Amino acid sequence: MTIRGPRRRNVGRGGTMGSQEYDFGSIEGKWQKRWEEMGLFAAREDDPRPKCYVLSMYPYPSGVLHMGHVINYTIGDVVVRYKLLRGFKVLSPMGWDSFGLPAENAAIRTGVHPHEFTEGNIARMTQQMRRAGWGYDWSRELATSHPDYYRWTQWFFLRFLEKGLAFKKTAPVNWCPSCQTVLANEQVKDGGCERCGTQVEQRDMDQWFFRMSTYAQRLLDNHARLEGRWPEAVLKLQKEWIGRSEGARVEFRVAETGDPVPIFTTRPDTLWGVTFMSLAPEHPLVEKLVRGTEHEERVMAAVREMRAAGTSEKDLADREKVGVFTGFHVVNPVNGEKVPLWVANFALMTYGTGAVMAVPAHDQRDFEFARKYGIPIKVVIQPEEGSLDPETMTGAYVDPGVMAASGPFDGRRNTEAMPDVISWLEEHGHGRREINYKLRDWLISRQRYWGAPIPVVYCDGCGVVPVPEEDLPVLLPTDVQFREGGGNPLATSESFVHTSCPSCGGPARRETDTMDTFVDSSWYFLRYCDPHNEAAPFGEASLRHWMPVDQYIGGIEHATMHLIYARFFTMVLHDLGLLDFDEPFDRLFCQGMVCKTAYYCPEHKYLKEEEVVDGHREGDIIVDGRCAHCGRPVQSEMTKISKSKFNIVDPDAMMDRFGADTVRLYMLSDAPPDRMQIWSENGINGAWRIINRLWSLALDSLERVAAPGEPVPDDLDVLNREIRRMTHQAIGRVTGAIEGGFQFNTAIARCNELLNALRSGFEKVHPAVLRETLEVILRVLSPIVPHMAEELWERLGHGESVFTAGWPEADPEAAREELVEIPVQVNGKLRSRLHVSPDESREELERLALADERVQKFIAGKEIARVVVVPGRLVNIAVR
RNA sequence: GCCGGAGUGGCGGAAUGGUAGACGCACGGGACUUAAAAUCCCUUGGCCCCAAGGCCGUGAGGGUUCGACUCCCUCCUCCGGCACCA
């Protein structure tokens, strides 16, 4: 199929309206250069205007801009320019999340050093960003892989280490055998590596952590301050991720040995119904108990099997629950009952204590396990009506009820007795109230080269020794080998590994782990405030000046990783006395995914458009197409653009064809930006038309537009009064649309209306009204289509940038309606319309409505029960 | 399973409890053109009707109200997230 609407560079065919095409090629470049020269986006602390820090999430420098970047950075740029027009000095920085796996994988594949690879990509993407017209203060550009940045990442690590917030421990970790590195839980998707998809294994390794779990409650509490400012969904995701649950810690003991077995439960009210206990396969007690006993072989074999499955099982939740009896028992402290101790694959060592009390009567998972292994079931919560029989139960009873067989609590409602049960446990020394969180400590070790080296050395005499601050940065060495499956390349550098102990001067070994790249991104927004500081990560005064980020913009996929890490990091820096705030991002906005139709053949999977044959187009979609390879009918779906689905859109190609302004306008004109964005050929053509309609109307206006400053006369005709009214109403509505949640689509719609009104009455529009309206359109549209707005603003005779012109202010007098249309309803149904002054009295409206000919037809012969009059809005006559 | 969000023309989407469908796309008709593209103008929720006009319509069903896309209850569908968390 042929691509419709190919762009010809064909300007000035002259003649009638609409014939002049917007020549983005020369105009966009001109203004990008001009903004650079005038320092429009250079943020200065000595600038007296109030500050506004607008930040878009920095990208990984993959070398290619994709549509996700385009929507993200376009929104950011619109906010930046809008704030400029509103009189703020805006900090709008950009930088690079430039450490990470792709560069290292490329090094293994092609032999190009990650540094070179990364710098080349940064150069390419910078060009693409400039071309898109996004305004940044490039003097503040940073890259996390540069030593002058990662030296401070290392410096923060040392501060954490001093305070005991960075520590090392052996932990079962997610190991990606392909990447040869450890992954955070967040980086494991469906049991596979987030990056390469390889099945993840569990291994015990010595790893560095940040003590994030102790900040769980604070991360949760501070949500109160973010409510209404962050998307609901992000707060919810974080809440879920932090996973607070209240309950009790209860001390059980092994009957045979007396070993304590503490458990955590959210249902202390069911303690009397415990019929067995489960330990996680990794629980240290398992091996301790069975070693040297008749049970050892059988139990340890089962444990090995359970551990082998690890997290590599595709769907953990659907995995069959299996267990093995240890041969030992535990004593239930509340009633002295002796119940069997099992090892079960559903018990997690990483949550609670790694031991779970089992109440099959009131927990579905325990129920299934008990039925499977013939373990007794004991009912201790009875429903209000009827009584449960363990023999006939088909599932656990988890609803509220009355406690039974529960000693001192018999007959009490379980929901009400809960706090008393906990008090009782405390009084009798059996346990205490406890709160547990799913949020764990942050594993930051990566067995990789392309990251910030963790600045410690290992000395046989002194142990773990931090690198002294003055020796930072610990530079990445260049004498390393990048090999497929070769483990950590950093460990292959002799010059790096062998060093001397900063403490005793003896021979020592450097840590070869590097830090998770999420550490880099946990403070980059701070560095932007003072990017060239060589004495500190940032100057206190600069931070006080710019922070917090007023508006942060990025993808919702960072809700639980980056956004929690960055909040945690900020809190720690606050507690270290480095910051006087503890939440970094005042407002957050998450843009929607960019989607496009993809085609799918049951046999050949996703197809390119040209592989779909015999179909016809309905709008943008090929319908009833067949697979070019096998002839099977092809399905179409609207889905996130991705290479694997052959539905990608190349921003560069789009800007070649339509220019940056058209792409920007299209991204924002169809749907609110937090929703899914549908990319379509027709849609971008529509945006191109809007651009050209405005362009040619403005050019046609130049001949007859009033001189700048020429006042609008008082004695305008109806048409011109109407246009002025629309103009001044539009200012208010556009402002509201932007302030009320970035509803750029409706803001653009208002401008279209104005444009249409000017076009249809063009010959009769007064020159002064023409100028006024055009200038309003240009100013309110300038954040969205900045290049064209600037060009036309200049051609209208302004010497200064439109971005220094200020946001237009609505004149309430001009915006006032002279005549309003008042709907008249009878029993809620529209029957007629009155045309009256907007402040026509209640009585007169009622009189006019009742007298209306069309209304009469519907009320004749009926009893009027009530007449509702809302002055200026409507009349509703209720009849019987 | 649990928790969110959303269901409005052929499509993307507009509507402080007050004229449902702004704006745009697509479709159709017309103008310009030798012709096409581009551009411009008109029409366009469905149904009945020569017309005037009327009836029906915001996932389904109830409720509150003079009046409900909007608020409340029940249900259905779709999307997203979480999912052995004791």
Side-chain angles (χ1 to χ4, degrees), chain A residues 4-6 8 10 13 15-19 21 231-233 236-237 239-241 243-245 247 263-267 270 278 313 315-319 321 344-348 350-359 363-366 368-369 436-439 556 559-560 593 617-621 666 669-672 675-678 680-687 689-690 692-693 696 733 736-737 743 745-753 755-756 759-760 821-833 854 857 865-870 872-879:
Chain A
R4 298 174 63 180
R8 303 173 314 277
N10 188 3
R13 269 175 295 160
T16 56
M17 202 163 122
S19 60
E21 217 169 60
E232 199 83 36
K236 196 199 79 198
L237 284 170
K239 220 161 264 181
E240 225 166 71
W241 191 261
R244 176 190 160 105
S245 56
I263 57 101
F264 172 74
T265 178
T266 54
R267 293 293 306 275
T270 62
S278 305
E313 200 71 33
D315 195 346
L316 290 156
D318 291 346
R319 185 162 82 194
K321 279 130 193 84
N345 66 345
F346 61 79
L348 304 173
T350 47
Y351 184 79
T353 62
V356 197
M357 73 177 205
V359 186
D363 179 284
Q364 187 58 29
R365 193 185 49 206
D366 295 344
E368 285 162 22
F369 196 87
N436 248 293
Y437 301 89
K438 283 198 265 179
L439 188 79
I556 196 162
T560 51
M593 293 186 302
R617 289 207 163 239
E618 274 180 20
D620 255 12
I621 303 168
Y666 175 49
S669 64
D670 257 19
R675 281 204 225 171
M676 176 177 84
Q677 305 294 315
I678 292 173
S680 82
E681 194 65 25
N682 287 330
I684 184 121
N685 275 319
R689 267 201 288 271
I690 292 170
N692 280 292
R693 279 203 279 254
S696 56
R733 297 181 69 185
Q743 295 167 55
N745 56 327
T746 60
I748 292 164
R750 297 290 80 78
C751 291
N752 274 328
E753 280 170 347
L755 189 56
N756 290 343
R759 276 153 54 89
S760 60
E821 196 180 73
I822 302 284
V824 181
Q825 302 178 336
V826 177
N827 285 345
K829 285 186 199 246
L830 179 71
R831 295 305 179 188
S832 185
R833 297 177 169 93
R854 277 181 294 224
K857 283 205 319 205
R866 185 174 170 188
V867 181
V868 178
V869 183
V870 184
R873 296 261 21 160
L874 64 28
V875 179
N876 188 10
I877 302 162
V879 296

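A quick note: this is a predicted structure, and the numbers were derived from the prediction, not measured. Just so it is clear: chains get the letters A, B, ... in the order the sequence lines come, proteins before strands, and each one is counted from 1. Computation of the quantities below employed the complete heavy-atom set of this structure, encompassing side-chain atoms and omitting hydrogens, waters and symmetry-equivalent molecules.
Distance check on atom P: B/A86 versus B/G81 gives 22 Å, rounded to whole Å. For B/A26 and B/G12, the C1' atoms lie 11 Å apart once the distance is rounded to whole Å. Taking atom P on both B/G21 and B/G45, the two are 10 Å apart, rounded to the nearest angstrom. Nucleotides B/G63 and B/A14 are separated by 28 Å at their C1' atoms, to the nearest Å.
No contact: A/E368 has no heavy atom under 4.0 Å from any strand. At the heavy-atom level, A/A347 lies under 4.0 Å from base atoms of the strands shown. A/E821 comes within 4.0 angstrom of a base, heavy atoms only. Backbone-only engagement by A/R675 is indicated by non-hydrogen atom pairs under 4.0 Å involving sugar-phosphate atoms exclusively. The residue A/D363 sits apart from the nucleic acid: no heavy atom pair falls under 4.0 Å. Residue A/R689 is in sugar-phosphate contact alone, with no base atom involved, counting any heavy-atom pair closer than 4.0 Å across all strands shown. Residue A/N752 is classed as a sugar-phosphate contact, given heavy-atom separations below 4.0 Å to backbone atoms only. Note on A/T266: only backbone sugar-phosphate atoms sit closer than 4.0 angstrom, heavy atoms only; bases stay farther off.
Nearest to the side chain of A/R693, among B/C85, B/C40, B/A20, sits B/C40. Distance from the side chain of A/S245 is smallest to B/A86 among B/A15, B/C23, B/A86. Side chain of A/R833, nearest nucleotide from B/C84, B/A14, B/U19: B/U19. Of the listed nucleotides (B/C23, B/A26, B/G81), B/A26 has the atom at the smallest distance from the side chain of A/N682. Taking the side chain of A/V868 as heavy atoms from C-beta on, and the options B/A86, B/C41, B/G18, the nearest nucleotide is B/G18. When distances run from any side-chain atom of A/L237 to the nucleotides B/U39, B/G81, B/A20, the shortest one goes to B/G81. The side chain of A/N745 lies closest to B/G13 when the candidates are B/G81, B/C84, B/G13. The side chain of A/L830 approaches B/U19 more closely than any other nucleotide in the set B/U19, B/C23, B/A86. For A/A749, taking side-chain heavy atoms from C-beta onward, the closest of the listed nucleotides B/C40, B/C23, B/C84 is B/C23. Ranking B/C56, B/G13, B/G54 by closeness to the A/R831 side chain, first place goes to B/G54.
Remark: B/A22 base-pairs with no nucleotide in the shown strands. Criterion, Watson-Crick or G-U wobble with two distances under 3.5 Å. Across all strands shown, the partner of B/C78 is B/G5, judged by Watson-Crick or G-U wobble contacts whose two distances both fall under 3.5 Å.
Remark: A/N685 is not in phosphate contact with B/G24, judged by side-chain N or O atoms under 4.0 Å from OP1 or OP2.
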